[in-house]
Amino acid sequence: MKIIHILFLFTFISFTICHASVNDFCVADLKAPTSNSGYPCKPVESVTSDDFVFHGLVAGNTNNTFKLGVTYASVTNFPALNGLGVTAMRVDIEEGGLAPMHTHPGATELIIMVQGELTAGFVTPTSTYSKALKPGDLFVVPPGMMHYVLNTGKGKVIAYVAFSSEKPSIQTLDLLLFGNNLPSDLVAKTTYLDIDQVKKLKAHFKGSG
(Lines give C-alpha, C1' and ligand atoms only; values in the text may rest on other atoms or scores of the structure.)
Protein backbone atom coordinates (compact mmCIF):
# COMPACT_ATOMS: atom_id res chain seq x y z
CA MET A 1 0.00 0.00 0.00
CA LYS A 2 2.88 2.37 0.74
CA ILE A 3 4.13 1.96 -2.83
CA ILE A 4 0.66 2.79 -4.19
CA HIS A 5 0.51 5.92 -2.02
CA ILE A 6 3.96 7.01 -3.18
CA LEU A 7 3.06 6.44 -6.84
CA PHE A 8 -0.21 8.38 -6.39
CA LEU A 9 1.63 11.30 -4.76
CA PHE A 10 4.27 11.32 -7.49
CA THR A 11 1.58 11.28 -10.20
CA PHE A 12 -0.34 14.11 -8.50
CA ILE A 13 2.76 16.29 -8.15
CA SER A 14 3.80 15.61 -11.73
CA PHE A 15 0.33 16.52 -12.99
CA THR A 16 0.32 19.74 -10.94
CA ILE A 17 3.71 20.80 -12.28
CA CYS A 18 2.78 19.99 -15.87
CA HIS A 19 -0.59 21.72 -15.54
CA ALA A 20 1.01 24.87 -14.08
CA SER A 21 3.47 25.08 -16.96
CA VAL A 22 0.73 24.86 -19.62
CA ASN A 23 -0.07 28.55 -19.14
CA ASP A 24 2.98 30.71 -18.50
CA PHE A 25 0.61 33.65 -18.12
CA CYS A 26 -3.09 34.40 -18.22
CA VAL A 27 -3.83 37.93 -19.40
CA ALA A 28 -7.30 38.70 -18.07
CA ASP A 29 -10.19 39.08 -20.49
CA LEU A 30 -11.97 41.89 -18.66
CA LYS A 31 -14.91 41.79 -21.10
CA ALA A 32 -15.74 38.19 -20.27
CA PRO A 33 -17.91 37.12 -17.31
CA THR A 34 -15.97 36.53 -14.09
CA SER A 35 -16.30 33.60 -11.73
CA ASN A 36 -15.18 32.71 -8.20
CA SER A 37 -11.81 31.73 -9.65
CA GLY A 38 -11.29 35.18 -11.19
CA TYR A 39 -10.98 36.41 -14.76
CA PRO A 40 -10.71 34.04 -17.73
CA CYS A 41 -7.68 34.28 -20.02
CA LYS A 42 -7.59 36.16 -23.28
CA PRO A 43 -6.87 33.88 -26.23
CA VAL A 44 -3.09 33.62 -26.58
CA GLU A 45 -3.26 34.65 -30.23
CA SER A 46 -4.76 38.02 -29.21
CA VAL A 47 -2.09 38.80 -26.58
CA THR A 48 0.51 41.42 -27.56
CA SER A 49 3.54 43.05 -25.96
CA ASP A 50 1.35 46.02 -25.03
CA ASP A 51 -0.58 43.77 -22.62
CA PHE A 52 2.52 43.55 -20.41
CA VAL A 53 3.09 47.31 -20.10
CA PHE A 54 1.32 49.79 -17.79
CA HIS A 55 1.73 53.56 -18.26
CA GLY A 56 -0.49 54.96 -15.51
CA LEU A 57 1.58 54.90 -12.31
CA VAL A 58 1.65 58.69 -12.02
CA ALA A 59 1.03 61.18 -9.20
CA GLY A 60 -2.45 60.91 -7.70
CA ASN A 61 -4.83 63.67 -6.59
CA THR A 62 -4.00 64.77 -3.03
CA ASN A 63 -6.88 67.26 -2.73
CA ASN A 64 -8.82 65.35 -0.08
CA THR A 65 -9.20 64.96 3.69
CA PHE A 66 -6.03 62.90 4.05
CA LYS A 67 -3.87 64.85 1.55
CA LEU A 68 -3.27 61.43 0.04
CA GLY A 69 -3.04 60.53 -3.65
CA VAL A 70 -2.98 56.95 -4.88
CA THR A 71 -2.67 55.41 -8.33
CA TYR A 72 -2.42 51.69 -8.80
CA ALA A 73 -1.89 48.90 -11.29
CA SER A 74 -4.02 45.88 -10.40
CA VAL A 75 -5.68 43.23 -12.52
CA THR A 76 -8.67 45.53 -13.11
CA ASN A 77 -6.58 48.03 -15.10
CA PHE A 78 -3.46 45.94 -15.89
CA PRO A 79 -4.87 42.58 -17.06
CA ALA A 80 -1.45 40.93 -17.40
CA LEU A 81 -1.30 40.70 -13.58
CA ASN A 82 -4.09 38.12 -13.65
CA GLY A 83 -3.08 35.12 -11.55
CA LEU A 84 0.38 36.50 -10.74
CA GLY A 85 -0.36 37.61 -7.18
CA VAL A 86 1.09 41.11 -7.37
CA THR A 87 -0.14 44.72 -7.53
CA ALA A 88 1.84 47.96 -7.79
CA MET A 89 0.81 51.34 -6.39
CA ARG A 90 2.20 54.88 -6.26
CA VAL A 91 1.50 56.94 -3.14
CA ASP A 92 1.80 60.74 -2.93
CA ILE A 93 1.26 62.40 0.47
CA GLU A 94 1.43 66.16 0.96
CA GLU A 95 3.08 67.65 4.03
CA GLY A 96 0.94 66.84 7.06
CA GLY A 97 -0.99 64.14 5.18
CA LEU A 98 -1.52 60.51 6.01
CA ALA A 99 -3.11 57.19 5.19
CA PRO A 100 -5.34 56.42 8.20
CA MET A 101 -5.59 53.09 10.00
CA HIS A 102 -6.51 50.38 7.51
CA THR A 103 -5.97 46.74 6.64
CA HIS A 104 -5.44 44.60 3.56
CA PRO A 105 -6.90 41.28 4.75
CA GLY A 106 -5.43 39.10 2.01
CA ALA A 107 -2.15 40.77 1.05
CA THR A 108 1.30 41.58 2.34
CA GLU A 109 2.29 45.22 1.69
CA LEU A 110 5.83 46.34 0.85
CA ILE A 111 6.48 50.11 1.02
CA ILE A 112 9.41 51.48 -1.02
CA MET A 113 10.39 55.03 -0.13
CA VAL A 114 11.42 57.44 -2.92
CA GLN A 115 11.09 60.99 -1.58
CA GLY A 116 10.52 62.74 1.76
CA GLU A 117 10.07 61.23 5.22
CA LEU A 118 7.32 58.75 5.96
CA THR A 119 6.50 57.16 9.31
CA ALA A 120 4.87 53.75 8.81
CA GLY A 121 3.64 51.34 11.43
CA PHE A 122 1.30 48.51 12.27
CA VAL A 123 -0.27 47.35 15.50
CA THR A 124 -1.02 44.00 17.11
CA PRO A 125 -3.00 43.34 20.32
CA THR A 126 0.24 43.62 22.31
CA SER A 127 2.73 45.68 20.30
CA THR A 128 3.31 48.55 17.90
CA TYR A 129 5.94 48.42 15.16
CA SER A 130 6.74 51.83 13.69
CA LYS A 131 9.65 53.43 11.85
CA ALA A 132 10.54 56.72 10.17
CA LEU A 133 11.52 55.94 6.57
CA LYS A 134 13.89 57.80 4.26
CA PRO A 135 14.42 57.41 0.50
CA GLY A 136 15.72 53.92 -0.24
CA ASP A 137 14.12 52.38 2.86
CA LEU A 138 11.60 49.53 2.70
CA PHE A 139 8.91 48.63 5.24
CA VAL A 140 6.80 45.48 5.17
CA VAL A 141 3.31 45.08 6.64
CA PRO A 142 2.16 41.47 7.14
CA PRO A 143 -1.32 40.51 5.82
CA GLY A 144 -4.30 41.74 7.81
CA MET A 145 -2.35 44.01 10.17
CA MET A 146 -3.98 47.34 11.07
CA HIS A 147 -1.46 49.92 9.82
CA TYR A 148 -0.94 53.58 8.93
CA VAL A 149 1.50 55.97 7.25
CA LEU A 150 2.18 59.62 8.04
CA ASN A 151 4.14 62.31 6.26
CA THR A 152 6.36 63.38 9.16
CA GLY A 153 8.85 65.43 7.15
CA LYS A 154 8.96 68.60 5.11
CA GLY A 155 7.49 68.61 1.62
CA LYS A 156 5.81 65.87 -0.34
CA VAL A 157 6.28 62.13 0.16
CA ILE A 158 6.49 59.79 -2.81
CA ALA A 159 6.55 56.05 -2.30
CA TYR A 160 5.77 52.91 -4.24
CA VAL A 161 3.94 49.95 -2.80
CA ALA A 162 3.76 46.30 -3.84
CA PHE A 163 1.04 43.90 -2.71
CA SER A 164 1.10 40.10 -2.79
CA SER A 165 -2.25 40.02 -4.59
CA GLU A 166 -3.38 41.07 -8.05
CA LYS A 167 -6.53 42.60 -6.51
CA PRO A 168 -5.93 43.49 -2.84
CA SER A 169 -8.87 44.53 -0.70
CA ILE A 170 -8.81 47.40 1.79
CA GLN A 171 -10.77 48.22 4.93
CA THR A 172 -10.27 51.76 6.29
CA LEU A 173 -11.14 52.18 9.96
CA ASP A 174 -12.40 55.78 9.73
CA LEU A 175 -14.72 54.97 6.84
CA LEU A 176 -15.95 51.77 8.48
CA LEU A 177 -16.82 53.60 11.69
CA PHE A 178 -18.10 56.92 10.40
CA GLY A 179 -18.94 56.50 6.70
CA ASN A 180 -21.75 54.05 7.39
CA ASN A 181 -25.42 54.11 8.44
CA LEU A 182 -24.94 52.66 11.93
CA PRO A 183 -26.80 54.70 14.58
CA SER A 184 -24.48 57.25 16.19
CA ASP A 185 -25.35 56.11 19.70
CA LEU A 186 -24.34 52.54 18.80
CA VAL A 187 -20.98 53.72 17.42
CA ALA A 188 -20.46 55.85 20.54
CA LYS A 189 -21.24 52.98 22.91
CA THR A 190 -19.03 50.45 21.11
CA THR A 191 -16.06 52.81 20.75
CA TYR A 192 -16.36 54.83 23.99
CA LEU A 193 -16.35 58.02 21.91
CA ASP A 194 -18.47 61.03 22.75
CA ILE A 195 -21.69 60.92 20.70
CA ASP A 196 -21.28 64.55 19.55
CA GLN A 197 -17.84 63.67 18.20
CA VAL A 198 -19.29 60.62 16.45
CA LYS A 199 -21.95 62.76 14.78
CA LYS A 200 -19.32 65.29 13.72
CA LEU A 201 -17.16 62.54 12.19
CA LYS A 202 -20.17 60.96 10.49
CA ALA A 203 -20.97 64.29 8.89
CA HIS A 204 -17.35 64.66 7.76
CA PHE A 205 -17.20 61.16 6.22
CA LYS A 206 -20.73 61.39 4.79
CA GLY A 207 -22.19 58.74 7.05
CA SER A 208 -25.75 58.68 8.39
CA GLY A 209 -27.60 57.52 11.49
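Throughout, numbering of the chain's residues begins at 1 and tracks the sequence. Side chains included, hydrogens not; waters and symmetry mates left out as well; all remaining heavy atoms used. For clarity, every value in this text was computed on a predicted model and none was experimentally measured.
Crowding of N63 atom CG: a count of heavy atoms from other residues, nucleotides or ligands under 6.0 Å not exceeding 12.
Linking ILVMFWY residues whenever their side-chain heavy atoms come closer than 4.5 Å, directly or via other members, leaves V44 and L84 in distinct clusters. Connection of I112 to M145 is not established within any shared hydrophobic cluster, with ILVMFWY side chains joined at heavy-atom distances below 4.5 Å, either directly or through further cluster members. In the hydrophobic clustering of this structure, I158 does not group with V149; members are Ile, Leu, Val, Met, Phe, Trp, Tyr whose side-chain heavy atoms approach within less than 4.5 Å, directly or through other members.
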| task | Mind running ring-ring contact (aromatic ring centres under 6.0 Å, His included) on F163 and H104 for me, showing each step along the way? | result | CA-CA 9 Å; F163 295 101; H104 305 287; 4.7 Å; yes
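Side-chain atoms of N82 come within 3.5 Å of backbone N or O of C26 as a donor-acceptor pair. Checking side-chain atoms of N151 against main-chain N and O of I93 turns up a donor-acceptor pair under 3.5 Å. Proximity of a side-chain donor or acceptor of K42 to a complementary backbone N or O of A80 within less than 3.5 Å is not detected.
Ion pairing between a basic and an acidic side chain is recognised when a charged N comes within 4.0 Å of a carboxylate O; K67 and D92 show no such pairing.
Separation of the F52 and F78 ring centroids does not fall under the 6.0 Å cut-off.
A side-chain donor from one of E109 and H147 sits under 3.5 Å from a side-chain acceptor of the other. For the 3.5 Å distance criterion, the side chains of S74 and T76 qualify, holding a donor opposite an acceptor. Between the side chains of T152 and T119, at least one donor N or O sits under 3.5 Å from an acceptor N or O.
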Which atom pairs, one a donor and one an acceptor, fall under 3.5 Å between side chains of residues 136-144 and the rest of the protein, sequence neighbours left out?
| unit_1 | atom_1 | unit_2 | atom_2 | d |
| --- | --- | --- | --- | --- |
| D137 | OD2 | K134 | N | 2.7 |

Side-chain donor-acceptor pairs of residues 94-101 under 3.5 Å, sequence neighbours excluded:
| unit_1 | atom_1 | unit_2 | atom_2 | d |
| --- | --- | --- | --- | --- |
| E94 | OE2 | T62 | OG1 | 3.0 |
| E95 | OE1 | G155 | N | 2.8 |

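Listed by chain and number, the residues in a side-chain contact (heavy atoms from CB on, under 4.5 Å) with A188 are I195, V198 (sequence neighbours excluded). In terms of the side-chain contact (heavy atoms from CB on, under 4.5 Å) criterion, residue partners of Y129 (sequence neighbours excluded) are, by chain and number, F122, T124, S127.
L173 contributes atom CG, which lies 9.5 Å from atom OG1 of T191 (distance to the nearest 0.5 angstrom). In this structure, the separation between CG on L177 and OG1 on T190 is 7.5 Å, given to the nearest 0.5 Å.
Summarising the hydrophobic clusters (Ile, Leu, Val, Met, Phe, Trp, Tyr; side-chain heavy atoms under 4.5 Å, direct or chained), the residues clustered with V75 are L30, Y39. Hydrophobic side-chain contacts under 4.5 Å tie L176 to no other Ile, Leu, Val, Met, Phe, Trp or Tyr residue.
Side-chain atoms of Q115 and K156, non-hydrogen and from C-beta on, do get closer than 4.5 Å to each other. The shortest distance between side-chain heavy atoms of V91 and Y72 does not fall below 4.5 Å.
Minimum interatomic distance between L133 and A120 (heavy atoms only, all atoms of both residues): CD1-CB, 4.0 Å. Nearest heavy-atom pair across A73 and L81 is O-CD1, 3.3 Å.
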